[in-house]
Amino acid sequence: MASESADEEKAGADAVGKDAANTGELDTDATVAAEAAGPANGETVRIDSWIWSVRLVKTRSMGATACRGGHVRVNGERVKPAYAVRVGDEVRLRHAGRERIVVVKRVIRKRVGAPVAVECYVDNSPPPPPREAAAPIGIRDRGTGRPTKRDRRELERLRGFGGPPDGGLGETGAPDDPGKQSGPGTRG
């Protein structure tokens, strides 16, 4: 009889667990992973480590460099890489040509997967600018062969890699590098 009641309690607990899982009352795997990545009691998390942990930057050193360069602001103030981030802080990060504005929901110190990282902040960033619909500059058609010197120079000029507009000649009309001069007394 005692075993029957224990089995009934276990079955009842399983049913309650399934119902709670269906309603979202139990912790998800992502939440458990985020809690495991969080700091121990009394520990703080550096801002450079946090922006790396939630995948706003690719490496922690990039996060520290962004902080030192003034590209990271917490609650409107520029911060150093060792600034301790707290729940509720608004973090503004200028990175890769756009500004990310996030509010800290959970503080973590270890890097986690993207689905877990998204749960650690609220993203208030403006949408990224639309991509240009125009064809990229300096792309050659397939099968046109190797570019001639003239074609290559035109492509470099379009891409912005071209040399000086005078063709490398100084004010005197002679090449800038004296080692490249050819004449009667040189081997060139």
Side-chain angles (χ1 to χ4, degrees), residues 10 12-142 155-162:
K10 185 176 179 184
D14 287 342
V16 169
K18 289 178 184 175
D19 291 340
N22 290 338
T23 60
E25 291 177 12
L26 292 181
D27 290 338
T28 61
D29 293 336
T31 307
V32 172
E35 288 175 1
N41 291 337
E43 286 186 12
T44 60
V45 177
R46 295 167 52 113
I47 186 68
D48 63 340
S49 178
W50 186 81
I51 62 176
W52 166 75
S53 298
V54 296
R55 297 178 171 268
L56 295 177
V57 293
K58 197 169 189 177
T59 64
R60 182 172 170 213
S61 63
M62 285 176 72
T65 303
C67 290
R68 282 193 298 272
H71 300 290
V72 177
R73 294 179 178 268
V74 177
N75 299 326
E77 298 180 15
R78 291 175 56 180
V79 293
K80 294 182 179 180
Y83 180 85
V85 69
R86 296 178 201 85
V87 174
D89 284 346
E90 181 189 64
V91 178
R92 291 176 174 260
L93 169 70
R94 279 196 330 242
H95 180 67
R98 66 182 281 220
E99 185 174 26
R100 300 288 307 266
I101 303 168
V102 297
V103 177
V104 180
K105 277 178 35 180
R106 176 175 285 136
V107 178
I108 59 174
R109 64 182 161 80
K110 291 183 181 176
R111 191 167 172 97
V112 293
V116 179
V118 170
E119 292 183 359
C120 295
Y121 60 86
V122 177
D123 195 356
N124 296 330
S125 305
R131 293 188 177 181
E132 295 180 19
I137 298 174
I139 301 296
R140 291 175 50 83
D141 294 330
R142 188 174 176 92
L155 288 174
E156 286 176 354
R157 190 173 62 250
L158 286 173
R159 292 178 183 162
F161 298 127

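The shown structure was predicted, so the numbers you read here are calculated from the model rather than taken from an experiment.
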Quick check against the 3.5 Å criterion: does [X] have a side-chain atom that pairs as donor or acceptor with the backbone of [Y]?
X: Arg109; Y: Ser49; result: no
X: Asp89; Y: Val91; result: no
X: Asn75; Y: Glu90; result: yes

Spacing of [atom1] belonging to [X] relative to [atom2] belonging to [Y], to within rounding of 0.5 Å:
X: Arg60; Y: Trp50; atom1: CZ; atom2: CH2; answer: 15.0 Å
X: Lys58; Y: Ile51; atom1: NZ; atom2: CD1; answer: 15.0 Å
X: Leu56; Y: Asp123; atom1: CG; atom2: CG; answer: 8.0 Å
X: Tyr121; Y: Ile101; atom1: OH; atom2: CD1; answer: 13.0 Å

Around atom CD of Glu77, are there more than 12 heavy atoms from other residues, nucleotides or ligands closer than 6.0 Å?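 Open: at most 12 neighbouring heavy atoms sit under 6.0 Å from CD of Glu77.
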Flag if over 12 foreign heavy atoms under 6.0 Å of CZ, Arg78: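 Counting neighbours around CZ of Arg78, 12 or fewer heavy atoms of other residues, nucleotides or ligands fall under 6.0 Å, so no.
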Might you point out which heavy atoms bring [X] and [Y] nearest each other, and give the distance in Å?
X: Ala64; Y: Pro81; value: O-CG, 3.7 Å
X: Gly113; Y: Arg55; value: C-NE, 3.7 Å
X: Pro39; Y: Ile108; value: CD-CA, 4.4 Å
X: Val57; Y: Met62; value: CB-CB, 4.4 Å

So, applying salt bridge (Lys or Arg N to Asp or Glu O under 4.0 Å) with Glu99, which one of Arg92, Arg73, Arg94 is it?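 In the set Arg92, Arg73, Arg94, the residue that makes a salt bridge (Lys or Arg N to Asp or Glu O under 4.0 Å) with Glu99 is Arg92.
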Applying salt bridge (Lys or Arg N to Asp or Glu O under 4.0 Å), name anything that partners Arg46, two or more places apart in sequence or on another chain.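 Arg46: salt bridge (Lys or Arg N to Asp or Glu O under 4.0 Å) contacts with Asp48.
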Taking only Lys NZ, Arg NE, NH1 and NH2, and the carboxylate oxygens of Asp or Glu, determine whether Lys105 and Glu119 approach each other closer than 4.0 Å.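 So Lys105 does not pair with Glu119 through a salt bridge.
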